[in-house]
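All remarks here apply to the structure that follows.
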Amino acid sequence: MNSSRYAVDGERLWNTLAALAEIGATPAGGVARVALTDEDRAGRDRFVSWVQELGCSVHIDQMGNLFARREGTDPGRAPVVIGSHLDSQPTGGRYDGAYGVMVGLEVLRVLHDHGIGTAAPVEVVSWTNEEGARFPPAMIGSGVYAGAFGLDEGLEAPGVDGTTLGAELARIGYAGDEPCGAPDGAGRRPIGHYIEPHIEQGPILEAAGVTLGTVTGVQGIRWYDVSIEGQSAHAGSTPMEHRSDAMVAAARLVCEADEIAARRAPQGRATVGTLATGTGSRNTVAGSVELTIDLRHPDAAELEAMHDELLACADGPTFGRQPSAASSGVRQPSRSLPRPQISPIWYSPPIVFDPAVVNAVRDGAIAAGFEPMDITSGAGHDACYVSQVAPTGMLFIPCADGLSHNEAESILPEHATAGAQATLNAVLSLAG
Ligand code: HGY
Ligand code: MN
Ligand code: MN
């Protein structure tokens, strides 16, 4: 039972999530609001119209990070900020990112409905390009805000579609003029405390039958771009031992990356999410292949070891050598495979969140009538970068089968309400 003085309106939150999910809705029930597309603009516009109904001021910084602000009674206090992201994966779910921003909106609505005066201002932020699917790396909007990337680096980030982040930001009308993230902090909007409500995107809470997760930290992430240059050749007339087959080399690397993670079960993770060949013909030996690798582990040293093993496998003398005849039982022609060129493009270290915010989230969940469970996030979030410049925490709710980055992503209304109530409670305690 919620013991706090104010209650969120779960039905209003659920209807708002449904209304937002209409923007970029896909036939399979998910959303496609890829960063800085027209659908992302429409989602941003919808959010702006909702917060303006509440009298909030709207602030857009040079990376397009979008802040809605409700003034506090003590103008000298830095705001308590609730946030996440409105952009989605190309075949995304309705709740990844959207849930956190809509919980922030619900908190603003409760404060507005009851005329609650908080000492600290309360803000809700939607960060630009959290997903990194169109403009790698991920979380670049909060990354520039936190000083992890320079502003020019962020604005010049090349899209997978040949655009640049800055050009698309201007095209959709969200190239703000507020300074974003001067490394010395001078040009950064202040954040007193940051809370990011989010779906877990994994199976742990649901399997434990727990409604709310107090997120204590985030695992480390490493991203790589890989290119493999072999030689295209005729599929019929080229003997196997005469080939330099980029696709076989790619297949070998994919299996090796999978092995590197499997050796560190259950925490090690490896994903090859994209693979493309330059030749693209069923009867031509692949001359070139481009692929990406995503490695994760909560322990920095283990993630470093995974990194070393990945680079070593491609450089090692045995890359591409066929299993010995003894093991396969068949005489293998002597063959060599083209060596992958592996380029590390991004590293997000393991994160430990601020104890004061973690405790406020935990206490907010308890005041909402739940027994929260501590959990480490498997997915990266904007909170990773924000935690480098402001006291930060996260709150998780379960999602069905732990499924996310999938159009079938789903949550229960009662879980959505529970997360919003816990967030409201935490915000009221932090904002005074
Ligand atoms: O990749 C991630 O972990 C995040 O969902 N962008
Ligand atoms: Mn997310
Ligand atoms: Mn995501």
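Residue numbers count from 1 along this sequence. Indexing begins at 1, ligand by ligand and atom by atom, following the structure's order.
Residues R296 and W223 are in side-chain contact: their nearest non-hydrogen atoms beyond the backbone lie under 4.5 Å apart. Residues D113 and R12 meet the side-chain proximity criterion, which asks for heavy atoms closer than 4.5 Å.
At least one N, O or S atom of H198 sits under 2.8 Å from the Mn ion (ligand 2).
Ion pairing between D40 and R44 holds under the 4.0 Å rule for side-chain N and carboxylate O. Note on R264 versus E259: no salt bridge recorded, every NZ/NE/NH1/NH2 to OD/OE distance being 4.0 Å or above.
A donor-acceptor pair shorter than 3.5 Å can be found between the side chains of R362 and N359.
Listed by first and then second residue, the salt bridge (charged side-chain N to carboxylate O under 4.0 Å, His left out) pairs that reach into residues 18-37 come to none, sequence neighbours excluded. Judged as a ring pair (Phe, Tyr, Trp, His ring centres under 6.0 Å), the pairs with a partner in residues 46-76 (not counting sequence neighbours) are, in order, F67-W127.
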Q: Would you sort out whether D61 and R189 count as a salt bridge (Lys or Arg N to Asp or Glu O under 4.0 Å), showing the intermediate values?
A: CA-CA 9 Å; D61 71 19; R189 286 181 66 80; over 6 Å; no
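For the Mn ion (ligand 3), protein N, O or S atoms under 2.8 Å: 4 in total.
A 6.0 Å sphere centred on CZ of R263 holds more than 12 heavy atoms belonging to other residues, nucleotides or ligands.
Aromatic ring centres of H307 and Y224 lie closer together than 6.0 Å.
Taking a heavy-atom cut-off of under 4.0 Å, ligand 1 is surrounded by E130, E131, R296, A379, G380, H405.
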